Amino acid sequence: MANSSTDFFLKVYDVVREIPYGKVTTYGAIAKAIGEAKSARTVGYAMNASHQFDDIPAHRVVNRNGVLTGKHHFPGTYVMQQMLEAEGIEVVDDKIINFKTHLWEPEIRL
DNA sequence: CCAATGACTACAA
DNA sequence: GTTGTAGCCATTG
């Protein structure tokens with residue numbers, strides 16, 4: 001409870017849950033939104049643990065290049081891509097087309 | 001406690 | 001635009 005590490009995870013999940021349908025965001029944006037801009041890497045780690053939750057759209061989180069770097073952590077090979085395509089996002093070569101157009105930036109939380 | 005790992009990012013060449 | 005290096009921080013061994 002309220003351990004500093006757990007708190008970080010909860011903050012990440014809180015932001016990821018707010019990603020609107022058909023939109024995506026980056027690890028850095030999430031880290032920045034929770035006031036841990038330098039912990040972008042740890043955000044990805046939190047995503048790895050998000051598999052135990054069913055309300056964390058981790059497929060909407062990509063790196064700053066719009067590349068599905070985390071697709072290897074999904075059960076299937078193209079699961080993440082199919083999920084994005086199901087939301088109207090074009091994905092080619094593990095990369096989001098018009099990434100900037102689908103990009104959604106979370107609000108800064110203090 | 002120390003070393004290694006990783007779903008990242010920024011900067012230099 | 002691509003490639004390499006460094007910084008960052010929570011988790012694991």
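Since the structure is predicted, the reported quantities are computational estimates derived from the model, not experimental observations. Quick note on labels: first sequence line is chain A, next is B, and so on, each numbered from 1.
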Under the criterion side-chain contact (heavy atoms from CB on, under 4.5 Å), I'd like the reasoning laid out for Thr42(A) against Glu36(A): C-alpha separation, chi angles, the key distance, then a yes or no. CA-CA 9 Å; Thr42(A) 315; Glu36(A) 300 283 349; over 6 Å; no
Shared ILVMFWY cluster between Tyr45(A) and Leu68(A), side chains joined below 4.5 angstrom? no
Tell me which residues in [range] lie within less than 4.0 Å of DNA chain B, going by non-hydrogen atoms.
range: residues 12-36 of chain A; answer: Thr26(A), Tyr27(A), Gly28(A)
range: residues 76-93 of chain A; answer: none
range: residues 58-70 of chain A; answer: Ala58(A), Asn63(A), Arg64(A), Thr69(A), Gly70(A)

Taking atom [atom2] of [N] as reference, at what distance in whole Å does atom [atom1] of [X] sit?
X: Phe8(A); N: dC8(C); atom1: CZ; atom2: P; answer: 15 Å
X: Ile96(A); N: dA7(B); atom1: CD1; atom2: P; answer: 17 Å
X: Gln52(A); N: dT11(C); atom1: CD; atom2: C1'; answer: 13 Å
X: Lys38(A); N: dA10(B); atom1: NZ; atom2: P; answer: 12 Å
X: Lys71(A); N: dA7(B); atom1: NZ; atom2: P; answer: 14 Å

Around atom NZ of Lys71(A), are there more than 12 heavy atoms of other residues, nucleotides or ligands at under 6.0 Å? yes
Under 4.0 Å protein heavy-atom contact, by nucleotide of nucleotides 1-6 of chain B - B base, S sugar-phosphate only: -----B
Can you find a heavy atom in the side chain of Ile19(A) that is under 4.5 Å from one in the side chain of Val61(A)? yes
Which heavy atom of [X] sits nearest to which heavy atom of [Y], and what is that distance?
X: Ile56(A); Y: Tyr13(A); answer: CD1-CB, 3.7 Å
X: Tyr27(A); Y: Asn63(A); answer: CE1-N, 3.4 Å
X: Val43(A); Y: Ala31(A); answer: CG2-CB, 3.7 Å
X: Phe99(A); Y: Arg64(A); answer: CE2-O, 3.5 Å
X: Met47(A); Y: Val16(A); answer: CE-CG2, 3.6 Å
X: Ser50(A); Y: Ala58(A); answer: OG-CB, 4.0 Å

Any residue meeting ring pair (Phe, Tyr, Trp, His ring centres under 6.0 Å) with Phe74(A), in chain and number order, not counting sequence neighbours: His51(A)
Kindly list each side-chain donor-acceptor pair under 3.5 angstrom involving residues 76-91 of chain A, sequence neighbours excluded, with atom names and distances?
unit_1, atom_1, unit_2, atom_2, d
Gln81(A), NE2, Glu85(A), OE2, 3.2
Gln81(A), NE2, Val91(A), O, 3.3
Glu87(A), OE1, Gly22(A), N, 3.1
Glu87(A), OE1, Arg60(A), NE, 2.9
Glu87(A), OE2, His59(A), NE2, 3.1
Glu87(A), OE2, Arg60(A), NE, 3.1
Glu87(A), OE2, Arg60(A), NH2, 2.8

Side-chain atoms of Ser39(A) come closest, of dA10(C), dC9(C), dA7(B), to dC9(C)
In Å and rounded to the nearest 0.5 Å, what is the CD to NZ distance from Glu105(A) to Lys32(A)? 8.5 Å
